[in-house]
Every structure is written in C-alpha cells, then in structure tokens.
Amino acid sequence: MKTPFVLPISQVAQPLDLASTLACGQCFRWRVDDCGSWNGVVGRDLVRLSMRNQGLIIETSTTPAAELAEFIVAYLRLDDDLPSLHARLGSDPHLRQAFDNYPGLRLMRQEPWETLAGFILSSTSNIPRISKTVELLSDTFGDEVQLDDIKRHTFASAEALAEAGELRLRELGCGFRAPYLTGAAEAVATGRLPLNHLRGAPYNDVLRQLTELKGVGEKIADCAMLFSLDRLEAFPADRWVRKVLTDLYSLPANISYEDSREWAWGKWGADAGYANQYLFWNARQSTRPMRISQ
DNA sequence: TAATAACCTCGCAA
DNA sequence: ATTGCGAGGTTAT
C-alpha cells in the first residue's frame with residue numbers, strides 16, 4: 001500500500017504552479033491527467049504530483065514518498081526564494097508581465113544525463129517530437145516502473161544508449177542527432193565527462209567540457225547547466241529568447257550568442273537563468289497557447 | 001571572424 | 001487525405 005506524502009507548501013516556499021513548471025519546456029517527461037495530477041519518472045521512481053489544499057501531494061512507485069520528499073524539494077528547486085526573485089526583477093515591465101502570468105513557474109534541478117540527452121535531441125526540433133523520442137528511448141532501454149495503473153520507464157542510461165549505437169538510435173527517430181547522442185552517452189558512460197560532478201563547478205569550466213561533445217553547442221550546454229547543473233546564471237538564448245531580446249529589449253538582431261549572454265549577465269547577473277525562462281515561456285505562450293500533453 | 005548550407009524526421013497547418 | 005513547411009541548433013565549408 002503506497003502512502004502519499006503531503007508537503008505543506010507554506011513550510012517549504014512560496015508559490016508552486018505544477019503546470020507552468022512541468023510544461024514550460026525545461027523537461028520532457030511530465031504528463032497531466034484529467035484530475036490535474038502530474039506523473040513523471042524521477043530516478044528509479046514513477047512519481048505523481050498534485051496540489052491539494054495548499055500542499056504538494058507526492059505519490060511514488062518505489063521509494064516511500066516521505067523519503068523521496070526531500071529529493072523532490074530539490075528537484076523542484078522549492079528552496080529558491082521566488083518572491084524575492086520577483087521583487088528583484090519585477091521592475092522590468094516584461095518580466096513583471098511574465099511573473100503575473102506564471103507566478104508559480106520554477107526552474108528545476110533535473111538529472112544531468114537525462115537533461116543533456118533531452119536537449120541534444122532538441123536541436124531543430126519541437127517539444128512534442130522531443131517528448132515522443134525521449135519517451136520512446138525510455139520505453140526501449142529503461143526499466144518499467146508502475147504506480148497504480150500507470151506504467152512508465154526509467155530514462156535510458158548512458159551505458160544503454162552508448163551500446164545501442166547510432167544506427168539503432170536513427171531507427172528510433174533521433175535523425176541526425178543520433179551520433180551526437182551516442183557520443184555523449186559514451187563520454188558519460190566511460191566517465192570521460194564526469195557529468196554528476198559538475199554541479200557547482202565554474203560556469204566556464206562546465207561550458208568547455210559540455211561543448212567538447214559533438215552536437216552540443218553553447219545553447220544546449222546552457223540548457224543542461226540551467227536545468228540540471230545549478231548554473232542559474234546560464235542564459236540559453238534560443239530563437240524565442242533572441243526574438244524577445246530584439247523585439248522587447250531593442251538588441252540588434254544579429255547579436256552574437258556570447259554578446260547576448262554578456263548583456264543578460266550585466267542586466268540580471270546570477271538571476272539571468274530565471275529571467276530567461278520566464279521570458280521564453282511568456283513569449284512562446286503568447287504566440288501559441290499551451291497544449292497539455294496526455 | 002562572419003555568413004550559409006546541410007542535416008533526419010516529425011508535427012502541424014493548409 | 002496528402003503535401004509542404006519549418007522546427008527550442010550545430011557543424012562544416
């Protein structure tokens with residue numbers, strides 16, 4: 001018998017909007033059901049999250065929920081002081097609007113390998129397709145986990161993807177990203193890229209190590225750093241963010257990636273990553289309303 | 001150093 | 001239904 005764990009939000013932190021947080025493009029494996037509960041795979045656990053009566057309900061497949069709660073707090077970055085952040089950056093009218101639209105949107109602290117792999121697959125793609133491929137890789141190479149009537153799979157390990165090889169990953173729809181993914185998998189599996197030891201390392205060191213991988217440029221490296229490696233100053237400037245920079249902040253359209261990063265650091269410093277995600281999601285949503293995936 | 005084409009497929013719109 | 005376009009980038013030229 002699985003026992004849910006209730007985490008009182010008032011004791012942890014501030015606003016939490018699961019829908020904004022889990023569907024704002026920083027992760028690819030969370031799904032919502034008819035009741036507004038979200039299920040995803042975290043490590044070896046199938047986890048279901050829902051908000052009830054000012055508390056976060058945590059249900060798990062394997063680890064007792066009460067034991068996993070501390071990890072979930074870290075995973076959702078509930079230790080980040082969102083009201084302070086909103087106060088620090090809220091004088092900017094564009095960020096103010098994004099804060100008003102998505103007050104409980106939080107950056108996450110995801111698993112580094114899954115995050116890197118997911119964003120390698122994001123190159124010239126779109127969120128529905130990335131999600132589909134990530135799920136297919138998990139179903140193919142991961143282990144089944146079950147919570148009530150929900151069955152999902154753990155994410156494909158670096159070892160499994162390295163062994164699968166480029167051809168197999170092409171068969172599974174990875175396209176030209178297949179060799180990039182196997183290359184990264186091999187680097188992680190052999191320990192040449194010590195992904196799990198990069199949290200807290202200096203930005204430039206991590207950037208250099210990640211971009212040594214084929215298929216990982218500055219943007220993908222920034223995503224991995226921001227969403228999984230605790231580098232909250234990372235500023236992944238994709239086409240949407242760059243459009244925001246030119247349309248709303250009057251930066252030149254042909255500004256270099258490095259210059260946009262320097263500009264963001266000058267304006268927002270260590271908060272650049274949060275500013276990035278709010279601007280990204282606000283811009284993307286205003287163009288195309290959110291479709292909630294099954 | 002800066003611009004341009006090529007890369008695999010799939011999702012989505014017409 | 002079928003077709004055609006473009007997608008959260010990176011690399012090679």
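Within every chain, numbering begins at 1; the chains are lettered A, B, ... in the order of the sequence lines, protein sequences first and strands thereafter.
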A.B. asks: When the distance from CZ of A/Phe235 to P of C/dG9 is rounded to whole Å, what number comes out?
C.D. replies: 14 Å
A.B. asks: Between atom CG in A/Leu121 and atom C1' in C/dG8, what is the gap in whole Å?
C.D. replies: 13 Å
A.B. asks: Which listed nucleotide (C/dT10, C/dG8, C/dA7) is nearest to the side chain of A/Thr124?
C.D. replies: C/dA7
A.B. asks: Within the 3.5 Å criterion, strictly below it, is a donor on A/Tyr274 or A/His86 matched to an acceptor on the partner's side chain?
C.D. replies: no
A.B. asks: Classify A/Gly25 by what it touches in the nucleic acid, base, sugar-phosphate, or nothing, heavy-atom distance under 4.0 Å.
C.D. replies: base
A.B. asks: Using the closest heavy atom to pick a nucleotide of DNA chain C for each, name whichever of A/Leu213 or A/Phe119 lands nearer the 5' end.
C.D. replies: A/Phe119
A.B. asks: Between C/dT11 and B/dC10, how far apart are the two P atoms, rounded to whole Å?
C.D. replies: 23 Å
A.B. asks: Between atom CG in A/Leu172 and atom C1' in B/dC8, what is the gap in whole Å?
C.D. replies: 14 Å
A.B. asks: For A/Asp33 and A/Asn39, which I'm curious about, is there any donor-acceptor pair between the side chains at under 3.5 Å?
C.D. replies: no
A.B. asks: Only pairs with both distances under 3.5 Å count, Watson-Crick or wobble alike; so what is the partner of B/dC8 in this structure?
C.D. replies: none
A.B. asks: Please report, rounded to the nearest Å, how far the C1' atom of C/dG9 is from the CZ atom of A/Arg261.
C.D. replies: 15 Å
A.B. asks: Can you measure A/Glu258 atom CD to B/dT1 atom C1' for me and round it to whole angstrom units?
C.D. replies: 12 Å
A.B. asks: Checking only heavy atoms, does the side chain of A/Ser122 share a donor-acceptor pair with the base of C/dG8 at less than 3.5 Å?
C.D. replies: no
A.B. asks: Expressed as a whole number of angstroms, how long is the span from A/Arg284:CZ to C/dG6:C1'?
C.D. replies: 13 Å
A.B. asks: Check A/Arg168 with A/Glu163, please: is the shortest side-chain N to carboxylate O separation under 4.0 Å?
C.D. replies: no
A.B. asks: Would you measure the distance from the P atom in C/dC5 across to the matching atom in B/dA6 and give it in whole Å?
C.D. replies: 15 Å
A.B. asks: Before we go on, tell me: are the rings of A/Phe119 and A/Phe227 under 6.0 Å apart, centre to centre?
C.D. replies: yes
A.B. asks: Roughly how far apart, to the nearest Å, are B/dG11 and C/dT10 at atom P?
C.D. replies: 22 Å
A.B. asks: Please work out if A/Leu169 contacts a base, only the sugar-phosphate, or nothing of the nucleic acid, heavy-atom cut-off 4.0 Å.
C.D. replies: nothing
A.B. asks: Under 30°, 30 to 60°, or over 60°: which ring-plane class applies to A/Phe71 and A/Tyr75, parallel, tilted or perpendicular?
C.D. replies: parallel
A.B. asks: Tell me if the side-chain of A/Arg129 makes a donor-acceptor pair with the base of B/dC12, cut-off 3.5 Å, by modelled atom types.
C.D. replies: no
A.B. asks: Does A/Ile130 reach a base, just sugar-phosphate, or nothing at all? Heavy atoms under 4.0 Å.
C.D. replies: nothing
A.B. asks: To the nearest Å, how far apart are A/Lys132 NZ and C/dG8 P?
C.D. replies: 16 Å
A.B. asks: Select from A/Arg177 and A/Lys214 the residue whose nearest nucleotide in DNA chain C is closer to the 5' end of that strand.
C.D. replies: A/Arg177
A.B. asks: Does one side chain, of A/Tyr249 or A/Asp92, offer a donor that lies under 3.5 Å from an acceptor on the other?
C.D. replies: yes
A.B. asks: Using atom CD of A/Glu212 as one end and atom P of C/dT11 as the other, report the distance to the nearest whole Å.
C.D. replies: 12 Å
A.B. asks: Contact class for A/Arg239 (heavy atom, under 4.0 Å): base, sugar-phosphate, or nothing?
C.D. replies: sugar-phosphate
A.B. asks: Hunt down the Watson-Crick or G-U wobble partner of C/dG8, both distances under 3.5 Å, from any strand shown, or write none.
C.D. replies: none
A.B. asks: I'd like the C1' distance from C/dG6 over to B/dA5, given in whole Å.
C.D. replies: 16 Å
